[in-house]
Amino acid sequence: MNIYDIAKKSGVSIATISRVINGGKNVSKKTYDKVLAVIEEEGYTPNVFARGLGLNTMETIGILVSDVADPYYAQMISYLTTKLHNLGLNVLLGCTGNSLENKNRELQMLLDKRVDAIFLAGSSQQELRGNQAIKSAAKKIPVIMVNGRINAPGIINVASNDQEAIYSSVFKLHNSGFSKPLYVFNTYTYSAHQKMAGFKKACSELGKQKAFLRENMLQLPNTLEEMSAAILKLIDADKEFDCVIGSEDMLAIAAQKALKERDLKMPVIGYNNSILAKVSSPTLTSIDNRLEELCSKAVKLFHETTTGSPSSTYVTLDCQLIERDSFRTENNTK
C-alpha cells in the first residue's frame, strides 16, 4: 500500500493526502477523517518523500537510462527532467548500461531511495521477454515506459509507431523508383525490432523474397568509422541496393560517408531526426519520432496518476518523415 493507493481508496487527490499527513491544513474535517480512517485501516506509514508529495517539497522521481552519452537518450533525459522539474519534482538518474544485472541493480537502487515513480528512458531498458523486476516494481509505484511497451498492471507505455514509420518509408522510396533498399541497424531493442518488422512487412508486400532480406539487412558495429567500413565492404562486394534506410541517424550518416567515398549517389533516410541529421552533409532526411511529444505525454500520464488514474496506459504517436537533401521526393524520382 502506497500513497497512490491511499488516494485512490479515499477518492481524493495526492495533494489532499499529503495535506492530511502534514496536519490537515485546508482540508475539511469530513475529508480529513475519511483519509485518516483509510490510513489507519491499511496500516499505511508515509515515507519522507510521500510527505512532500503535492506540496512541491522532496518529490522524487527516478529515471533509468542505458547511456547518457547517446545523443538520443541525452535528449530524452533533457526533455523528461525539464518537464518533471516544471511539476516541482526532483529527479534521480540511474545509468544502467545494457546488462540485465546492471539494469536490475539500478532499478532496486531507485526503489530503495523510495522514489515516487520510475521512468524507463527508451526501449533499451526493457528486455524482449520477461521484465520481471520491472513488473514487480510496478506493483509498488507507477512505472512509465518511454518508447517501449511492457504489458503489466501499473505500467504506462508511450511509444512511437516505429513499425509504420519504416514501412511507409520503404513504400515512399519504392514509389519514387528505388526498389532495392538496404536496411542498416545495430541493436536488438524492442524499438529496433519494431523497425525491422516494418521493413520486413513492406518488403514482403512488395514481393521480396527471404533471400533479399538476408542480403539487404545489415547489422553494423558501434563506431562511425567501423560502420562506414562495413558498408564500403558491402559496396565493394557488388551487393545490389539503390537506397539506404538507417534505424538511427548515425547509421544513415555512416552510409552517406561510405557512398561519398565511392562517388555513389542514392537516397538515404535516417531515424530520430536528431541534430546529426541537420548538420550532416548532405543534410539527412530522417524520420521524426516526436521525442519531445513522447516525453510530454509520458509526464502528463504520470501526473494524472496523482489525481486518480491515467487517461490511458498505452499511447502510440505516429512519426513524420522530414525530407532534406539526402532524399527529397521531388528531386529523387527516377
Requested in this report: Start with the C-alpha distance between Y183 and C203, add both sets of side-chain angles, then the distance that settles side chain to side chain contact (heavy atoms under 4.5 Å, CB included), and finish with yes or no.
Outcome: CA-CA 11 Å; Y183 181 73; C203 288; over 6 Å; no

Hey, does the side chain of S312 reach the backbone of Y314 with a donor-acceptor pair shorter than 3.5 angstrom? yes

One should read off an interatomic distance between C243 SG and L182 CG, to the nearest 0.5 angstrom, of 8.5 Å

task: Give the C-alpha distance, both sets of side-chain angles, the deciding distance and a yes or no for salt bridge (charged side-chain N to carboxylate O under 4.0 Å, His left out) between K297 and E293.
output: CA-CA 6 Å; K297 190 65 175 178; E293 292 174 70; over 6 Å; no

query: Does atom NE2 of H193 have more than 12 heavy-atom neighbours from other groups under 6.0 Å away?
result: yes

Is the shortest side-chain heavy-atom distance between L276 and L284 below 4.5 Å?
no

With V65 as partner, the option from L93, D70, L80, L120 fulfilling side chain to side chain contact (heavy atoms under 4.5 Å, CB included) is L93

| message | Side chains of L321 and S168, heavy atoms from C-beta outward: is any pair under 4.5 Å? | response | no

Review point. Distance only, no hydrogens: is a donor on one side chain within 3.5 Å (strictly under) of an acceptor on the other, for T283 and D325?
Key: yes

Please determine whether the number of non-hydrogen atoms from other residues, nucleotides or ligands lying under 6.0 Å from atom NZ of K135 exceeds 12. yes

**Item:** Donor-acceptor under 3.5 Å (N216 side chain, P181 main chain)
**Value:** yes

request  = Indicate if I322 and I253 have the same hydrophobic cluster label, given that clusters are the connected sets of ILVMFWY residues with side-chain heavy-atom separations under 4.5 angstrom.
outcome  = no

K180 side chain vs F212 backbone, donor-acceptor pair below 3.5 Å: no

Taken to the nearest 0.5 Å, the spacing of S286 OG from Q320 CD works out to 11.0 Å

| task | Step by step, work out the side chain to side chain contact (heavy atoms under 4.5 Å, CB included) result for D236 and R262. | result | CA-CA 9 Å; D236 293 341; R262 292 295 183 266; 2.9 Å; yes

To the nearest 0.5 Å, atom OG of S78 lies from atom CD of E292 at 9.0 Å

For residues 137-167, the ring-ring contact (aromatic ring centres under 6.0 Å, His included) pairs (sequence neighbours left out) are Y167-F171

Taken in chain and number order and not counting sequence neighbours, the residues that satisfy ring-ring contact (aromatic ring centres under 6.0 Å, His included) with F119 are F302

Short side-chain to backbone donor-acceptor contact, N289 and S160, under 3.5 Å: no

Student check: side-chain heavy atoms of K200 and M217 closer than 4.5 Å = yes

F241 side chain near E215 side chain, heavy-atom distance below 4.5 Å:
no

Determine whether the side chains of Q108 and D112 contain a donor N or O and an acceptor N or O closer than 3.5 Å.
-> yes

Checklist line | Trace of the side chain to side chain contact (heavy atoms under 4.5 Å, CB included) decision for E323 with K172 | finding: CA-CA 11 Å; E323 294 190 24; K172 191 175 187 70; 3.0 Å; yes

| Is there a donor-acceptor pair under 3.5 Å between the side chain of S326 and the backbone N or O of P267? | no

message = Between K103 and L107, is there a side-chain heavy-atom distance shorter than 4.5 Å?
response = no

- L87 reachable from I144 in the ILVMFWY side-chain graph, under 4.5 Å edges: yes

* Asked: Does any donor atom in the side chain of N147 or Y72 lie under 3.5 Å from an acceptor atom in the other side chain?
  -> yes

Value for NZ (K34) from NZ (K30), rounded to nearest 0.5 Å, stands at 7.0 Å

* Sub-3.5 Å donor-acceptor pair from the side chain of S228 to the main-chain atoms of L224, do we have one? -> yes

query = Given side chains that start at C-beta, do those of R324 and K278 come closer than 4.5 Å, heavy atoms only?
reply = yes

Are L64 and L128 joined in one hydrophobic group, where the rule is that I, L, V, M, F, W and Y side chains link up if heavy atoms are under 4.5 Å apart? no

ask   = With distance as the sole test, does D249 use its side chain to make a donor-acceptor pair with the main-chain N or O of Y271 at under 3.5 Å?
value = yes

Test log, rule side chain to side chain contact (heavy atoms under 4.5 Å, CB included), inputs I155 and T313 = CA-CA 7 Å; I155 300 180; T313 57; over 6 Å; no

Rounding to 0.5 Å, atoms CD1 (I77) and CD1 (I63) come to a distance of 4.5 Å

Does T81 offer a backbone N or O that forms a donor-acceptor pair with the side chain of H85 under 3.5 Å?
yes

Within a radius of less than 6.0 Å around NZ of K83, do more than 12 heavy atoms belonging to other residues, nucleotides or ligands occur?
yes

| query | Does K257 pair with E261 as a salt bridge, N-O distance under 4.0 Å? | reply | yes

**Asked** Does a side-chain heavy-atom distance below 4.5 Å link E248 with K195?
**Response** yes

In short, M266 meets D242 closest at the heavy-atom pair CB-O, 3.3 Å

For V279, the other hydrophobic cluster members (4.5 Å side-chain criterion, sorted by chain and number) are I275

Q. When clusters are formed by joining ILVMFWY residues with side-chain heavy atoms under 4.5 Å apart, either directly or through shared neighbours, do L213 and I166 land in the same one?
A. yes

inquiry  = Can a side-chain donor-acceptor contact be found between Y73 and S124 if the only test is distance below 3.5 angstrom?
reply    = yes

From the list T316, V299, L294, side chain to side chain contact (heavy atoms under 4.5 Å, CB included) partner of V158 resolves to L294

task = Please say whether the positively charged group of R149, taken as NZ for Lys or CZ for Arg, lies over the ring of Y190, i.e. under 6.0 angstrom from the six-membered ring centre and within 45 degrees of the axis.
result = no

Here the gap from S296 atom OG to L317 atom CG, rounded to the nearest 0.5 Å, amounts to 10.0 Å

Sub-4.5 Å side-chain heavy-atom contact between P221 and N186 | no

Under the 3.5 angstrom rule, does the side chain of N157 hit a backbone N or O of M145 as a donor-acceptor pair? no

Are any side-chain N or O atoms of S10 and backbone N or O atoms of V35, one a donor and one an acceptor, separated by less than 3.5 Å? no

